[in-house]
*Asks:* 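Sharing a structure, written as structure tokens. Questions coming.
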Amino acid sequence: MKQLQENLRAIPAIDQLLTQAAQSEFLARLPHPFLVSILRQVTTTVRVELQSGQTPDVSPTALIASAVRLAKETTQPSLRRVVNATGVVLHTNLGRAPLSPRALALVTEVAAHYSTLEYNLETGQRGTRYDHVVAKLSKLSGAEDSLVVNNNAAAVLLTLSAIAKGREIIVSRGQLVEIGGSFRIPDVIQQSGAIMIEVGTTNKTHLSDYAQAISPNTAAILKVHTSNYRILGFTAQPEDADLVDLAHRHGIPIIEDLGSGTLTPIQYGDLQEPTVKQRLEAGVDLVTFSCDKLLGAGQAGVVAGRKQWLTGMKKHPLLRALRIDKLSLAALEGTLLDYLLGDPCLDIPVQRMLTVTQGLAGTANVLAEKLQSLEFFGWKVIAQPVDSQAGGGSLPGVTLPSWGVSITAPTKSAAQLEKFLRLGLTPIITRIVQNCIIIDVRCLLAGDQEIICNAFFAIEKGAIQ
Ligand SMILES: *Cc1c(COP(=O)(O)O)cnc(C)c1O
């Protein structure tokens, strides 16, 4: 007991630590109240450790070192740039789509200044944020009208709430989709206040299943794009034209959650992501889709289609809670301008990454050459073909033939290397295949190669422990 009292008294006072902190270049620059709170946190930690029977080093030098570590941890942005070396183009955990230069320029302009967010320059009166992208989306998809909200989940929720609350919505059992992050169609329908009427079976749903389910209380038929899985083999869904005819004969709309909703046709083998335009032309009344998947903008969701249904949605009380913010809106408008004015496959990063066929081998060889001097130290660096994926709930089951650099170190396992790269100054996210680190070059952006080379050379020099 007496020993504990003595040990506790040995913890330096905050004033003493402040004097010591003045000698540290890093700590001396911190605002006084922040520095004091860091030092308090450090001394409290060792006090608690002593009381629980541990024997921490309570010397001023040790405490100052802890303070530097803690202050760095606390002030490091948590949301940081990473290098995506996984080859997964739409990696939801890594922020989905990086923005195009044009989108980025508009975001910067709007973020740093006042803007026309809800101001009509013609009249000098209040305008609405939802008008900015309507004409552009119409040009690109043929939609009569559209409404942009926070994300696609919000677009689906708003659409169902506005059209089907308290009434029935018919959906095929083959399309009761779950997307990562707890978006499940049955749960969203329930949240909207609509009553879900399931029809058909997992593999087959016929026109007659839909027809028999229609009642005076039916508000709509919901179709859901199976964006992250495929049902193959003995399967059936009714022809679009027949389903549209059925719905319209009963005066109800067809709503389709497209998920990734691309504006340009993207095809791999027999798998094609339907474009927004194709689905509207097929007679679907309203489609909903994400803006940060195949479209390549920031987080947002769109409901596009017939004005008749959208007019009411634009006055719905939920809209305020689901509204898009100005930075996402700027990212979307800038990206739509790329589709209208540029070449999406060159200008929009995710479109470029998904469609690139030429040049990946060349890029992998260039990167391998830059890393070649590691071979003097016993490393193995080999440019080779690899497989990448679209990700983000698009093109399920499709592997994109890609190129990468496979790397092994003489004294570290692939798992150790993966961790070093992930915990580096600019984290590099990689895959391990057969005990090798794979740097897939498909998703590398400007500046990434240099970061990768610096990281590997630092690991070799032992600068990263
Ligand atoms: C991705 C996806 C969603 C969710 O979209 P967010 O923009 O992430 O909210 C909903 N439905 C389908 C079919 C999807 O693929």
Side-chain angles (χ1 to χ4, degrees), residues 88-99 103 133 137 146-161 163-164 169 171-192 194 196 202 220-231 237 254-263 266 271-276 278-280 284 286-305 313 318-319 321-325 327-329 331-332 335-336 350 354 389-398:
V88 180
V89 178
L90 292 164
H91 200 307
T92 296
N93 303 142
L94 303 184
R96 289 196 186 157
L99 294 183
V133 290
L137 280 167
S146 58
L147 177 59
V148 55
V149 290
N150 182 52
N151 57 9
N152 185 35
V156 176
L157 179 64
L158 177 65
T159 305
L160 297 182
S161 305
I163 289 176
I169 188 121
V171 59
S172 158
R173 289 196 172 89
Q175 299 178 350
L176 296 175
V177 175
E178 170 173 328
I179 306 294
S182 71
F183 177 95
R184 306 175 106 189
I185 288 293
D187 297 345
V188 178
I189 293 175
Q190 194 185 14
Q191 275 304 316
S192 75
M196 179 169 73
T202 304
I221 290 173
L222 175 67
K223 291 195 60 149
V224 186
H225 180 51
T226 55
S227 43
N228 54 2
Y229 66 99
R230 296 168 81 180
I231 296 178
Q237 284 287 332
I254 297 191
I255 300 164
E256 183 162 344
D257 175 13
L258 277 181
S260 36
T262 180
L263 294 175
I266 290 200
L271 193 66
Q272 194 191 357
E273 284 289 327
T275 67
V276 174
Q278 283 166 348
R279 300 312 298 146
L280 292 174
V284 172
L286 291 173
V287 295
T288 70
F289 54 93
S290 270
C291 298
D292 55 356
K293 291 185 182 170
L294 293 174
L295 197 149
Q299 183 188 304
V302 169
V303 192
M313 289 169 61
L318 249 187
L319 181 58
L322 304 176
R323 80 179 183 182
I324 188 170
D325 98 297
L327 302 186
S328 306
L329 190 55
L332 177 59
T335 308
L336 295 179
V350 297
L354 285 167
Q389 282 172 8
S394 41
L395 302 169
V398 174

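Counting convention: from 1, in listed order, for ligands and their atoms alike. In what follows, residues are counted from 1 in the order of the sequence shown.
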*Asks:* Please check: side-chain N/O of Gln175 versus main-chain N/O of Ser172, any donor-acceptor pairing under 3.5 Å?
*Replies:* no
*Asks:* Do the side-chain N and O atoms of Glu273 and Ser260 include a donor-acceptor pair separated by under 3.5 angstrom?
*Replies:* yes
*Asks:* Provide the full list of side-chain hydrogen bond (donor to acceptor under 3.5 Å, both in side chains) pairs with a residue in residues 179-188, sequence neighbours left out, each pair given once.
*Replies:* Glu178-Arg184
*Asks:* Mind checking side-chain hydrogen bond (donor to acceptor under 3.5 Å, both in side chains) for Thr335 and listing every partner two or more places apart, or none if nothing turns up?
*Replies:* none
*Asks:* Going by side chain to side chain contact (heavy atoms under 4.5 Å, CB included), Phe183 matches just one of Asp257, Val177, Asn152, Asn151. Which one?
*Replies:* Asp257
*Asks:* Who's touching ligand 1 if we go heavy atoms under 4.0 Å?
*Replies:* Arg96, Asn151, Asn152, Ala153, Ile179, Phe183, His225, Ser227, Asp257, Gly259, Ser290, Lys293
*Asks:* Return the set of residues passing side-chain contact (heavy atoms from CB on, under 4.5 Å) with Asp292 (not counting sequence neighbours), or none when no residue passes.
*Replies:* Arg96, Ser290, Gln299
